[in-house]
Amino acid sequence: MSGKTLSTGQVENVHKQPRSGVILSITAWVVGLMFVSPVLWMILTSFHSEPDAATNPPSFGAPLTLEGYRSFFESGPWPSLINSVMASVVSTLLVLVLAFPAAYALSIRPVRKWSDVLFFLLSTKFLPIVAGLLPIYLFAKKVGMLDNIWLLIVFYTVMNLPIAIWMLRSFLAEVPSEMLEAAEVDGAGLILTLRKVVAPVVMPGLASAALICFIFSWNELLFARVLTGTVSQTAPVYLTGFVTSQGLFLAKVCAASLVVSLPVLVAGFAAQDKLVQGLSMGAVR
């Protein structure tokens, strides 16, 4: 016989490999369902009436209704939703405008002591937000900026800027130096090089950084809760108003939570391919 005969151990390994693959697949599905089950439960509860949503154990066969969504939209959530959109979108754009050239200077055109600069940016995330809440509140009160959406935009920009710089720096480090040298030979200035040469190459990184900054800004609650009132109230703060000590509110809270989560879900699905590509490109060196 010209073929090689497999030993007993090799035969056992051949049979074990498909079995281990099936076990890993089942485990992955179980873990995935564990993570997504609270979201599915929230969606189901949002279509129940308040008495059915409050039953214990939960009632799976309860009739479906849009009462929770009707109550949410009748309560007037649009100003809060518009405030959240404005704060998240504007702060994300400001973060990209500031982080892109900063990451360029720290990766492609390194400044002096660039490692110290990166450590300083990272150190700004060490301080718990609660520790700086009182000084920020007193400062905002002193300058008359309480309940002002532009104050939230400034703080969201400052909070997300270090994260965006760290992310974009890893992406910009992958840009071939030959492209920059060719742009320099053609007489392109810094702004033109960033806009026409570097930006298209690191577009997945820009998309992933923008999405993460948008999610962080949209979900932020502590600063918005303390620094805003009725004029600049954001959607997460408005959402907490449905939790009361009187009456049933579970179905309405689930409906409101689903509506408030939709912009983040839509943005995530829209930029899913660029997010995965950007994160993988920044992680592999």
Side-chain angles (χ1 to χ4, degrees), residues 83-111 114-127 129 149-177 179-180 183 190-224 234-236 260-285:
N83 286 334
S84 286
V85 171
M86 182 176 179
S88 302
V89 172
V90 175
S91 64
T92 300
L93 292 177
L94 289 176
V95 166
L96 293 180
V97 169
L98 296 174
F100 189 32
Y104 178 86
L106 293 171
S107 57
I108 299 178
R109 294 287 188 267
V111 297
W114 59 270
S115 59
D116 295 338
V117 176
L118 286 175
F119 178 77
F120 170 75
L121 293 173
L122 185 62
S123 66
T124 59
K125 308 299 294 182
F126 293 166
L127 181 69
I129 297 179
I149 192 63
W150 290 103
L151 179 66
L152 283 184
I153 291 174
V154 171
F155 280 117
Y156 289 170
T157 302
V158 173
M159 289 167 53
N160 293 327
L161 189 58
I163 300 175
I165 292 176
W166 270 84
M167 289 184 62
L168 292 178
R169 182 186 176 275
S170 62
F171 301 134
L172 287 169
E174 303 292 334
V175 176
S177 58
M179 296 179 60
L180 303 175
L190 176 60
I191 303 299
L192 187 61
T193 301
L194 289 176
R195 186 164 55 90
K196 295 292 187 178
V197 178
V198 180
V201 176
V202 298
M203 188 56 66
L206 289 172
S208 58
L211 181 59
I212 289 177
C213 292
F214 177 82
I215 293 175
F216 285 171
S217 300
W218 184 271
N219 293 335
E220 201 282 324
L221 175 64
L222 186 58
F223 274 117
T234 59
V260 171
S261 303
L262 281 179
V264 174
L265 295 176
V266 171
F269 280 114
Q272 182 179 8
D273 54 341
K274 291 188 178 296
L275 177 62
V276 174
Q277 181 182 358
L279 291 178
S280 61
M281 186 180 70
V284 179
R285 298 302 302 257

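Side-chain atoms are counted along with the backbone in the values below, which use heavy atoms only and exclude waters and symmetry mates. Along the sequence shown, residues carry numbers from 1.
Residues Ile215 and Trp218 are not in side-chain contact: their nearest non-hydrogen atoms beyond the backbone lie 4.5 Å or more apart. Contact check for Val175 versus Val202: side-chain heavy atoms found under the 4.5 Å cut-off. Side-chain contact between Thr193 and Val198 is present, with heavy atoms from C-beta onward closer than 4.5 Å. The shortest distance between side-chain heavy atoms of Phe171 and Leu206 does not fall below 4.5 Å. Looking at heavy atoms from C-beta onward, Thr157 lies out of side-chain contact with Val154 at the 4.5 angstrom threshold. Side-chain contact between Met86 and Trp150 is present, with heavy atoms from C-beta onward closer than 4.5 Å. Looking at Glu220 and Tyr156, their side chains come closer than 4.5 Å, going by heavy atoms from C-beta outward.
Nearest heavy-atom pair across Ala210 and Thr92 is O-CG2, 3.5 Å. The shortest heavy-atom contact between Cys213 and Asn160 is O-ND2, 3.4 Å. When every heavy atom of Ile149 is checked against every heavy atom of Ala87, the shortest pair comes out as CD1-CB, 3.9 Å.
In this structure, the side chain of Ser217 does not engage the main chain of Phe214 through any donor-acceptor pair within 3.5 Å. Using a distance-only test at 3.5 Å, with no hydrogens or angles considered, no donor-acceptor pair links the side chain of Ser107 to the main chain of Leu172. Distance alone, capped at 3.5 Å, is enough to place a donor-acceptor pair between the Ser91 side chain and the Ser88 backbone.
Distance check: Ser170 OG to Trp166 CH2 gives 9.5 Å after rounding to the nearest 0.5 Å. Rounded to the nearest 0.5 angstrom, Asn83 CG and Leu152 CG are separated by 8.5 Å. Separation of atoms CG (Leu194) and CZ (Phe100) is listed at 5.0 Å; rounding is to 0.5 Å.
Residue Leu93 forms a side-chain contact (heavy atoms from CB on, under 4.5 Å) with just one option from Val89, Val95, Val90, and that option is Val89. Checked against Leu161 for a side-chain contact (heavy atoms from CB on, under 4.5 Å), the options Ile163, Val158, Ile165 give a single hit: Ile165.
Phe155 and Phe223 have parallel rings, their planes meeting at less than 30° on a 0 to 90° scale where 60° marks the start of perpendicular.
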